[in-house]
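Contents: one structure, followed by commentary.
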Amino acid sequence: MSFKTLVAILCLVPVALAQQPAWAQCGGQGWTGGTTCVAGYSCVAQNSYYSQCLPTGTGTGSGTVTSTSGGSSPSATSTTPLNTAAKAAGKKYFGSATDNPELSDSAYVKILSDSTMFGQITPGNSMKWDATEPSRGTFTFTQGDQIANLTKANGQLLRGHNCVWHNQLPSWVTSGNFNAATLSSIITTHCGTVVGHYKGQIYSWDVVNEPFNDDGTFRQDVFYNTLGQDYISIALNAARAADPNAKLYINDYNIEGTGAKSTAMVNLVKSLKAANVPIDGIGVQAHLIVGQVPSTLEANLRQFTALGVEVAITELDIRMTLPATDALLAQQKKDYQTVIAACRAVSGCIGVTIWDYTDKYSWVPSTFSGQGAALPWDANLNKKPAYDGIVAGFAS
Ligand SMILES: *[C@@H]1O[C@H](CO)[C@@H](O)[C@H](O)[C@H]1NC(C)=O
């Protein structure tokens, strides 16, 4: 073989290695990996954040309807709308998160806007710190307002998400080297201004998001490292002053079952109440895995409501390792039913929000490699068996 041929082959090797396996991610905003798929699979855009290697012929490109589980996947049979089912069970709402880029998808918005289906909306990103105060003292509400206006037009409740979180923070906050007094005033200004802007429009706010590590210790972030746990009461007091009628929540993940992290939440809420700091609710995110719903979920919701606060399931999705098989979809249906039935059984569990409603716009595939199909509607906006699980959970 000539040297030239060898060079040509060597040049091809990285391309061959970069081919993505079946069902893997192959593109999307920020994606730096391979963008071509193995033989028989094509790279299909699911949304601006995620493209996936699908069997060739099942999807034809960005913005088109694609299937992630084959043409013969089982679908839901119930015709009961989900918010109607939630209200019949005595709950305030069944809701969904959404995000601004999706609001140009009219088929998507049509379902989202049906208040018998979704009685509540949470903006996935547009009320977070990086979106609302990208530089100190400069507030932008256009994107948040777009979602707030949509809920108003639809007659839906709005959950605010969120004031203080370690993530999606602009660098002026994380790298400002502020002393305690200055950071305290920055938190007060941020929460006061954002909550104040939406005063009268919000059912509840996730004022503090994800304050704990999984072992129940406080997360070390710029707020905790500068102010200790006082940052939590600073944020809650600012939020209460800005909108006295909004329910103020602390929201976290991996607090679905009992355990160290849930105990830490119990102790925090007790200490806040003892100090007369306003706290009205605990948000249980519930980003779960098929077949792994904690058996202590209902007992844990009860230990939270026993503190004299309400509880909401705030970010429910139940992901699986792809591809979605009939067996996994059947287990997922059971798992959705289990979660909803636990909320139904606990009177202080006031509502359930899924973290968007369709696999087309789920955050899961771009965050958990090889996993997805976590929501009750598939990427074609068809209802999956999980939908029937939700209806059954509210009826049980
Ligand atoms: C939201 O509604 C208000 C009041 O009608 C309006 O002034 C504002 O421009 C709207 N904002 C967006 C982003 O649609």
Side-chain angles (χ1 to χ4, degrees), residues 29 47-49 62-63 83 92-165 167-170 172-173 186-187 189-207 209 235 238-249 251 283 312 314-315 351 353-358 360-363 377 381:
Q29 257 174 43
N47 56 53
S48 52
Y49 305 100
S62 179
N83 191 46
K92 280 195 163 61
Y93 59 79
F94 185 87
S96 175
T98 189
D99 205 357
N100 298 72
E102 306 156 23
L103 299 179
S104 57
D105 178 342
S106 57
Y108 167 85
V109 172
K110 186 163 187 271
I111 296 170
L112 183 75
S113 294
D114 176 358
S115 63
T116 70
M117 191 62 79
F118 302 114
Q120 176 274 327
I121 300 288
T122 305
N125 287 299
S126 49
M127 292 184 188
K128 288 172 177 172
W129 198 312
D130 58 351
T132 52
E133 195 184 5
S135 60
R136 190 174 174 184
T138 303
F139 288 87
T140 58
F141 294 113
T142 312
Q143 300 246 298
D145 287 357
Q146 190 188 0
I147 291 173
N149 286 3
L150 181 76
T151 63
K152 204 181 301 174
N154 296 338
Q156 294 161 316
L157 298 171
L158 180 59
R159 294 194 81 251
H161 178 82
N162 53 59
C163 279
V164 177
W165 185 32
N167 207 348
Q168 291 180 246
L169 265 181
W172 73 263
V173 181
I186 285 169
I187 294 169
T189 300
H190 180 76
C191 289
T193 306
V194 175
V195 174
H197 178 80
Y198 292 104
K199 182 182 178 182
Q201 301 182 57
I202 297 268
Y203 170 70
S204 60
W205 263 104
D206 292 327
V207 178
N209 198 37
R240 175 65 93 228
D243 186 354
N245 294 320
K247 303 272 190 192
L248 308 183
Y249 276 60
N251 190 51
T314 54
E315 306 187 11
T353 308
I354 46 178
W355 206 238
D356 223 316
Y357 74 84
T358 160
K360 189 174 183 181
Y361 297 122
S362 172
W363 73 304
W377 276 257
L381 307 184

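These figures come from a predicted structure and were not determined experimentally. Just so you know, ligand 1 is whichever comes first in the structure, and atom 1 is the first atom listed for that ligand.
A donor-acceptor distance shorter than 3.5 angstrom exists from the side chain of Arg240 to the backbone of Ala246, with no hydrogens or angles considered.
For ligand 1 and Thr142, the ligand atoms under 4.0 Å from any heavy atom of the residue are 13 (C).
Under the 6.0 Å distance and 45° angle rule, Arg159 does not count as a cation-pi partner of Tyr93.
For atom 11 (N) of ligand 1, a protein non-hydrogen atom is found at a distance below 4.0 Å. Under the 4.0 Å distance rule, the nearest protein heavy atom to atom 5 (O) of ligand 1 falls outside the cut-off. In this structure, atom 14 (O) of ligand 1 is in close contact with the protein, since a protein heavy atom lies within 4.0 Å of it.
Between Phe141 and Phe139, the angle of the ring planes stays under 30°, which puts this pair in the parallel group of the 30/60° scheme. Between His161 and Trp355, the ring-plane angle classifies as perpendicular under the 30° and 60° cut-offs.
One option in Leu150, Asn149, Asn100 has a heavy atom closer to atom 2 (O) of ligand 1 than any other, and that option is Asn149.
Shown here are the side chain to side chain contact (heavy atoms under 4.5 Å, CB included) partners of Ala131, two or more places apart in sequence or in another chain: there are none.
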